[in-house]
Student: 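Have a look at this one before I ask anything.
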Amino acid sequence: EAQVTQNPRYLITVTGKKLTVTCSQNMNHEYMSWYRQDPGLGLRQIYYSMNVEVTDKGDVPEGYKVSRKEKRNFPLILESPSPNQTSLYFCASSTRQGNYGYTFGSGTRLTVV
Amino acid sequence: RKEVEQDPGPFNVPEGATVAFNCTYSNSASQSFFWYRQDCRKEPKLLMSVYSSGNEDGRFTAQLNRASQYISLLIRDSKLSDSATYLCVVNPASGGSYIPTFGRGTSLIVHP
């Protein structure tokens, strides 16, 4: 089944404790992206990648890191999480031009206390 | 002006009603367009692509008006299960990058 897999689904952590949210897709998609979604603000792009070893900042990259060492994986790293990073996170992927739309992972609900 | 704008609603309609949402976009060279459905705290899921000629999928009809730079979604015979947030997605023109822009969504509540 074609899918984007995110883990974990839920995470509660403490301020400053490094964490990684994993994202993997099995559709051989070039484009992958991370979004956060907060009430009233819609989906905001954190980082995106057009291919292996190619990553770019989105609208809200501060406090986040990503890497794209393999085509299928695009982990999101929070080196020192803070409470304002409490949010619902989605990973998405598509073909390079996105002509067929975007496939999203099931989401990761992160709480930083 | 925001790149992609949607009326957040909520649109509160009875079962069986017909409801329409619009989504305006600012980049006149945008290439492709989509409607997504998102249930509360779930991931957005592709509902339908929007083609220049318009397209229909059962009770759902999507249309594109390039001259006025908006896309629309029409839902006929609304069901309770149609209650969700509907996001429009606009893909930019060429130039090497195809970073989609998402609207903030329109909330639909269908009541008995």
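Values reported hereafter were calculated over all heavy atoms of this structure, with side chains retained and with hydrogens, waters and symmetry mates removed. Not measured: the values here are computed from a predicted model. Every chain is numbered from 1, with letters handed out A, B, ... down the list of sequences.
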Student: At a heavy-atom distance under 4.5 Å, which candidate from A/S106, A/G40, A/G58 has the highest pair count against chain B?
Tutor: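 Of the options given, most contacts go to A/S106.
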Student: Side chain, backbone, both or neither: which part of B/F33 has a non-hydrogen atom closer than 4.5 Å to chain A?
Tutor: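 Interface part for B/F33: neither.
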Student: For B/Y25 and B/Y70, I'd like to know if the aromatic rings sit close, meaning centre-to-centre distance below 6.0 Å.
Tutor: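 For B/Y25 and B/Y70, the ring centres are not under 6.0 Å apart.
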Student: Between atom CD of B/E43 and atom CZ of B/R37, what is the distance when rounded to the nearest 0.5 Å?
Tutor: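 Atom-to-atom, B/E43:CD and B/R37:CZ are 11.5 Å apart.
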Student: Is it the backbone or the side chain of A/Q6 that comes under 4.5 Å from a heavy atom of chain B, or both, or neither?
Tutor: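 The answer is neither part of A/Q6.
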Student: Measuring from atom CZ of B/F34 to atom SG of B/C23, what distance do you get when rounded to the nearest 0.5 angstrom?
Tutor: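 One finds 12.5 Å between CZ of B/F34 and SG of B/C23.
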Student: Which heavy atom of B/S78 sits nearest to which heavy atom of B/A17, and what is that distance?
Tutor: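 Answer, listing the atom of B/S78 first, then B/A17: OG-O, 2.7 Å.
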Student: At a 4.5 Å cut-off on heavy atoms, which part of A/Y35 comes close to chain B: side chain, backbone, both, or neither?
Tutor: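 Just its side chain gets close to chain B.
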Student: Please list every donor-acceptor pair under 3.5 Å in which a side-chain atom of residues 56-66 of chain B meets a protein atom from a residue at least two apart or in another chain.
Tutor:
residue	atom	partner	partner atom	Å
B/E56	OE2	B/R76	NH2	3.4
B/R59	NH1	B/R76	O	3.1
B/R59	NH1	B/D77	O	3.2
B/R59	NH1	B/D82	OD2	2.8
B/R59	NH2	B/D82	OD1	3.0
B/R59	NH2	B/D82	OD2	3.3
B/T61	OG1	B/R76	NH1	2.9
B/N65	OD1	B/A67	N	3.2
B/N65	OD1	B/S68	N	2.8
B/R66	NH1	B/S30	O	3.0

Student: Just wondering, more than 12 heavy atoms not from B/L80 lying within 6.0 Å of its CG?
Tutor: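 More than 12 within 6.0 Å, yes.
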Student: Can you say whether A/R44 sits under 4.5 Å from chain B via the side chain, the backbone, both, or neither, judging by heavy atoms?
Tutor: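 Neither part, no heavy atoms under 4.5 Å.
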Student: Quick check against the 3.5 Å criterion: does B/T106 have a side-chain atom that pairs as donor or acceptor with the backbone of B/D7?
Tutor: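 A pair under 3.5 Å: yes.
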Student: If you check every heavy atom in residues 60-91 of chain A against those of chain B, which residues fall under 4.5 Å?
Tutor: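 So the qualifying residues are A/L88, A/F90.
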Student: Check whether B/Q6 gets within reach of chain A through its side chain, its backbone, both or neither, counting any heavy atom under 4.5 Å.
Tutor: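 Answer is neither: B/Q6 stays 4.5 Å or more from chain A.
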Student: Compare every heavy atom of A/M50 with every heavy atom of A/Y31, then report the nearest pair and how far apart it is.
Tutor: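 Shortest heavy-atom contact: CD1-SD, 3.3 Å.
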Student: Can the ring centroids of B/Y36 and A/Y102 be said to lie less than 6.0 angstrom from one another?
Tutor: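 Judged by ring-centre distance (under 6.0 Å), B/Y36 and A/Y102 do not meet the cut-off.
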